[in-house]
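Because the structure is predicted, anything quoted here is derived from the model rather than measured.
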Amino acid sequence: MLDLSYRRSGQQLISTTSVGIDWGIEQGDGVFALSRITNNDKNSATSVVGSEVRALRNAAGLSLADLAKLCHFSVGHISNVEHGTKPASMDFARACDEALETGGKLVGLLAAQLQRAQPQGVKPAQLPPLRRLVGRVELMRTLQATLDRDRLDLVNSTTAQLIALDGPAGVGKTTIAVGLAHLVKNRFPDGVLFVDLRGYAPGDRPIDTNDVLEDFLRVLGVRTSDIPSTPDRRSAMLRSVLAGARLLLVLDNAANIEQVRPLIPAAAGCAVIVTSRRRLSGLAVYDGAHHMTVEPFKDNESLALLRDVIGAERVNAEPEAAERIVAFCSGLPIALRVAAERIAGHRHLTLTALADELADVDRRLDALSPHDANEAVRAVFSWSVRALNPQAARLFTLLSLHPGKHFGVEAAAALAGSDLVETARLLDVLCSGHLLEEDSLRRYHFHDLLRAYAAERVAVDEPSTEVSKSVSRMLCWYQLAAQTASAVMSPQRPQEPLDHCEDIAHLRPVFGSAADARRWSEVELRNVASAAMRAAELDVQEVALGLPVVLADFLYWRKPWTAWMRPLAACLAVAHRVGDLAAQAWILNNLGNAHLDQRRIEDASTCYAEALDLRRRTNDARGQLWSHIGLGRALQACGQDEPAALHYVQAQRISAELNDRWAWAITTTYIGDTHRARGQHANALHELEQGVALLHELGDQVAESCALDKIADVHRDRGDWAAALEYLNRALAFSSSTDDQWGRARTLQKLGHVHLELGDQRSARSTWKEALQHFEELGDWRALDVQADLDALDLTAAGTPRRAG
């Protein structure tokens with residue numbers, strides 16, 4: 001597990017981005033647009049923060065010496081920042097925020113400056129594809145007109161345009177919101193953000209707004225390490241980042257006002273579309289939202305949908321039956337689609353026969369709640385499920401137990417306790433009846449309303465003991481599959497037998513290569529995190545304590561901490577409760593990696609130290625060496641290379657005692673990197689070349705790529721750019737062959753700097769563009785670094801000198 005990081009300090013990043021890029025507002029033809037402004041004066045960019053520090057300090061009656069004592073920066077440093085002769089770093093902004101009790105104002109202001117340094121060409125475009133929109137012509141015209149009216153008053157407005165759509169489940173709110181967003185997205189040159197808040201997802205809690213804020217800020221270019229931890233500060237930072245921007249946000253399926261309000265920007269050029277099953281009246285009262293209730297289809301719209309799905313000829317041939325079907329479906333598009341797909345898939349099934357069957361079911365259910373549209377929908381779903389064979393109907397209900405939004409054939413087979421061939425056949429049956437949707441080859445998802453109905457049925461149709469067995473099988477399958485993938489990706493890592501997974505052993509996936517295993521891990525990333533969370537909640541101890549262990553290498557390599565922080569904390573709580581010290585140590589080490597990658601170095605050190613203590617108490621020598629490596633990495637991140645080397649030497653000694661050649665090779669490369677950091681280039685190359693030779697012999701191409709990358713760093717520090725280029729190209733070849741997207745992105749980032757030093761701006765630009773694409777796909781904060789380098793390169797081409805990073 002090599003540390004791939006090659007970071008610049010916050011000050012260096014800011015000095016790179018402070019070459020004078022800012023955003024301005026231009027007005028033309030009544031439309032406001034962001035335009036790029038270049039200004040090479042020292043007082044641009046981070047000097048805005050310096051001016052604010054001076055104003056806040058004076059308002060508080062503090063001298064430079066007073067503030068220096070409070071924030072632990074020198075008088076000279078503060079003075080330089082205030083006067084714009086030195087850029088403000090995030091650490092400086094945080095320290096001044098705490099000293100001046102601003103509530104995070106300076107951090108938000110600095111984050112906004114960093115965001116504004118992004119070029120126009122990079123913008124979020126998160127809208128899902130638009131399903132064919134039938135009907136709703138009048139509603140869409142009204143919504144567009146509402147947005148048009150608000151745009152006329154941008155000068156006087158101080159907040160985003162806000163439209164809140166409410167209505168019952170299945171009425172089509174999401175389709176309308178996404179359709180409207182597609183119609184107007186060109187008005188928002190800074191992009192579109194979309195999130196499903198999962199406010200009413202059955203068996204799942206709504207998404208935490210704090211997590212949404214983190215995701216949005218990262219997409220908008222804020223470093224993970226610079227994102228505050230509290231919701232209030234994250235919300236303030238989002239408002240700062242979007243100040244003056246023109247961006248559209250679609251917040252789908254909100255549970256309540258509290259989930260939405262922190263996500264609303266205070267920028268007149270932005271717009272927000274919210275959907276919820278509840279009328280969020282407070283948004284109108286306090287935020288000026290335009291409320292609109294989405295009504296069920298009118299009869300003519302329902303008939304239009306039937307014609308669209310099954311063909312006008314069949315509807316016109318049985319007009320009375322078509323009208324009865326429309327009545328039974330209560331104008332809900334989801335119910336109409338399910339019914340229509342049933343007819344479309346069976347050319348011998350008449351509309352009259354369908355209407356008669358619906359009437360029989362509908363009368364029984366409707367008697368319980370004759371005025372509830374949801375009961376009519378249940379009638380349609382009930383009829384559709386009754387038409388299935390018993391095996392397909394059972395699978396339909398069991399699938400509601402899956403913790404994620406999307407799933408594959410193997411997870412479905414584990415739930416059903418069946419084999420892959422039969423499960424695949426049953427999934428095809430469910431898709432043909434429009435009870436499931438197939439996203440891509442053998443990947444599926446529910447409509448929320450159908451999932452809710454399936455969840456209702458599983459509670460009635462399946463004994464609780466069978467439900468527990470199904471869930472346990474599924475969770476065990478995720479652990480088994482994750483361990484199988486990990487064994488292929490990290491063949492040197494010892495694996496423990498999973499005796500509790502014997503009954504689903506026939507579903508163990510087969511991976512032909514490490515790249516295949518990584519692709520599976522990427523696709524299932526959030527599902528595996530959800531499985532760990534569900535295992536902790538249901539106290540399925542083997543899975544809750546085992547999943548973080550088998551995935552340790554992948555989590556380190558991939559760094560998917562947004563999805564995994566909460567599951568890791570929940571699994572750690574289970575380990576504490578049952579007194580499993582080994583599991584506690586593994587999970588703490590994972591959390592240490594997470595904190596370190598997010599630049600929370602003190603938290604990382606605490607986790608590593610606690611893990612090391614537990615491993616000493618249990619005489620876990622192998623575990624101790626990884627905790628020593630973690631502590632060494634944390635110390636290196638603080639620039640303490642000599643103490644870090646002591647931990648690496650300890651890890652190397654343990655690996656030698658265990659005759660673990662793989663761990664010895666990795667610790668040796670870490671030792672070499674500490675030599676490089678201290679300017680001991682000959683010693684660094686000696687250690688690193690030993691590590692590379694052994695890793696090559698062992699066949700670990702990912703670790704070898706990381707070590708080659710570190711050798712390139714040595715040559716780069718020595719100014720030997722040709723040698724650095726050679727080693728980076730070798731590292732790039734390995735990361736490409738192993739499908740190591742993160743490693744490829746990091747190597748490309750360094751390669752761009754080497755090309756620039758060699759005078760090849762064209763190659764630098766192309767490699768940085770590819771690195772940017774990879775980092776953005778991974779949601780990694782390093783995209784902002786690459787963005788700044790590309791932007792500075794553009795300025796150089798325009799005549800402004802710059803130095804290579």
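Summarising the geometry of L247 relative to P124, their closest heavy-atom pair is CD1-CG, 4.0 Å, with the distance given to 0.1 Å. The two residues P262 and L213 have their closest heavy-atom pair at O-CD2, 3.7 Å. The heavy-atom pair separating D196 from I207 by the smallest distance is O-CD1, 3.0 Å. Scanning both residues, A529 and P567, for their nearest heavy atoms gives O-CG, 3.5 Å. Nearest heavy-atom pair, A355 versus I325, reported as atom, atom and distance to 0.1 Å: CB-CG1, 4.0 Å. The two residues G331 and P333 have their closest heavy-atom pair at O-CD, 3.4 Å.
Atom CG of D461 sits about 13.0 Å away from atom CD of E466, to the nearest 0.5 Å. With rounding to the nearest 0.5 angstrom, the CZ atom of R443 is 8.0 Å from the NE2 atom of H406. Of the inter-residue distances, the one linking L306 atom CG with S302 atom OG reads 7.0 Å to the nearest 0.5 angstrom. To the nearest 0.5 Å, atoms OG1 (T209) and CD (E214) are separated by 13.0 Å. Here L143 contributes atom CG and H290 contributes atom NE2; the two are 10.5 Å apart, rounded to the nearest 0.5 Å. Remark: S470 OG to L415 CG distance equals 6.0 Å, nearest 0.5 Å.
W477 has its side chain out of reach of R473: every pair of non-hydrogen atoms, C-beta onward, lies at least 4.5 Å apart. Side-chain contact check for T174 versus N253: every heavy-atom pair is 4.5 Å or farther apart. Residues D166 and V294 fail the side-chain proximity criterion, which asks for heavy atoms closer than 4.5 Å. V184 has its side chain out of reach of N186: every pair of non-hydrogen atoms, C-beta onward, lies at least 4.5 Å apart. Side-chain atoms of L263 and L251, non-hydrogen and from C-beta on, do get closer than 4.5 Å to each other. In this structure the side chain of L305 never reaches within 4.5 angstrom of the side chain of V326, judged on heavy atoms. R457 is not listed as a side-chain neighbour of V385, based on a closest heavy-atom distance of 4.5 Å or more. Side chains of L165 and I176 form a contact here, defined as non-hydrogen atoms less than 4.5 Å apart.
Within the 3.5 Å criterion, the main-chain N or O of R246 finds a donor-acceptor partner in the side chain of D190. Judged by distance alone, the side chain of S468 and the main-chain N or O of S464 form a donor-acceptor pair under 3.5 Å. Checking side-chain atoms of E462 against main-chain N and O of V458 turns up no donor-acceptor pair under 3.5 Å. No donor-acceptor pair closer than 3.5 Å links the side chain of D308 to the backbone N or O of A304. Using modelled atom types, no side-chain atom of D252 and backbone atom of V274 make a donor-acceptor pair closer than 3.5 Å. Counting only distance, with no hydrogens or angles, the side chain of R187 and the backbone of L147 share no donor-acceptor pair below 3.5 Å. Within the 3.5 Å criterion, the main-chain N or O of A271 finds no donor-acceptor partner in the side chain of Q161. Although no hydrogens or angles enter the test, the distance criterion places a donor-acceptor pair under 3.5 Å between the side chain of E438 and the main chain of R442. Under a 3.5 Å cut-off, the side chain of R279 and the backbone N or O of T293 do not form any donor-acceptor pair. Although no hydrogens or angles enter the test, the distance criterion places a donor-acceptor pair under 3.5 Å between the side chain of E318 and the main chain of L351.
For F396 and F446, the ring centers sit closer than 6.0 Å to each other. Aromatic rings from Y444 and H402 are positioned such that their centres are separated by 6.0 Å or more.
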For a salt bridge (Lys or Arg N to Asp or Glu O under 4.0 Å) check, start with the C-alpha distance between E422 and R425, then their side-chain angles and the critical distance, and finish with the verdict. CA-CA 5 Å; E422 176 63 9; R425 185 186 70 80; 2.7 Å; yes

Passes side chain to side chain contact (heavy atoms under 4.5 Å, CB included), V528 versus Q479? Steps please. CA-CA 8 Å; V528 179; Q479 183 181 4; over 6 Å; no

Let's go through R307 and E313 carefully: what are the C-alpha distance in whole Å and the side-chain angles of both, what is the deciding distance for side chain to side chain contact (heavy atoms under 4.5 Å, CB included) to 0.1 Å, and is it a yes or a no? CA-CA 8 Å; R307 290 190 177 94; E313 184 178 344; over 6 Å; no

Residues K405, N527; criterion side chain to side chain contact (heavy atoms under 4.5 Å, CB included); working and verdict: CA-CA 8 Å; K405 188 173 182 179; N527 281 341; over 6 Å; no

Could you go through E138 and K298, starting from their C-alpha distance and side-chain angles, then the distance that decides it, and tell me whether this counts as salt bridge (Lys or Arg N to Asp or Glu O under 4.0 Å)? CA-CA 11 Å; E138 293 180 12; K298 298 176 182 177; 3.7 Å; yes

I'd like to know whether L139 forms a side chain to side chain contact (heavy atoms under 4.5 Å, CB included) with E295, so could you lay out the CA-CA distance, the side-chain angles of the two residues, the decisive distance to 0.1 Å, and finally the verdict. CA-CA 10 Å; L139 176 59; E295 303 288 348; over 6 Å; no

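The residues E524 and R519 are annotated as not salt-bridged, no charged nitrogen and carboxylate oxygen being separated by less than 4.0 angstrom.
When each of L395, N389, L388 is tested with Q391 by the rule side chain to side chain contact (heavy atoms under 4.5 Å, CB included), just one qualifies, namely N389.
In summary, the side chains of N256 and Q259 do not present any donor paired with an acceptor at a separation below 3.5 Å, with no hydrogens or angles considered. Judged by distance alone, the side chains of R239 and S235 do bring a donor and an acceptor atom under 3.5 Å apart.
For residues 164-184, no residue pair satisfies the ring-ring contact (aromatic ring centres under 6.0 Å, His included) rule, not counting sequence neighbours. Applying the salt bridge (charged side-chain N to carboxylate O under 4.0 Å, His left out) definition to pairs two or more places apart or across chains, those involving residues 255-270 are R261-D287.
Residues passing the salt bridge (Lys or Arg N to Asp or Glu O under 4.0 Å) test with E410, sequence neighbours excluded: none.
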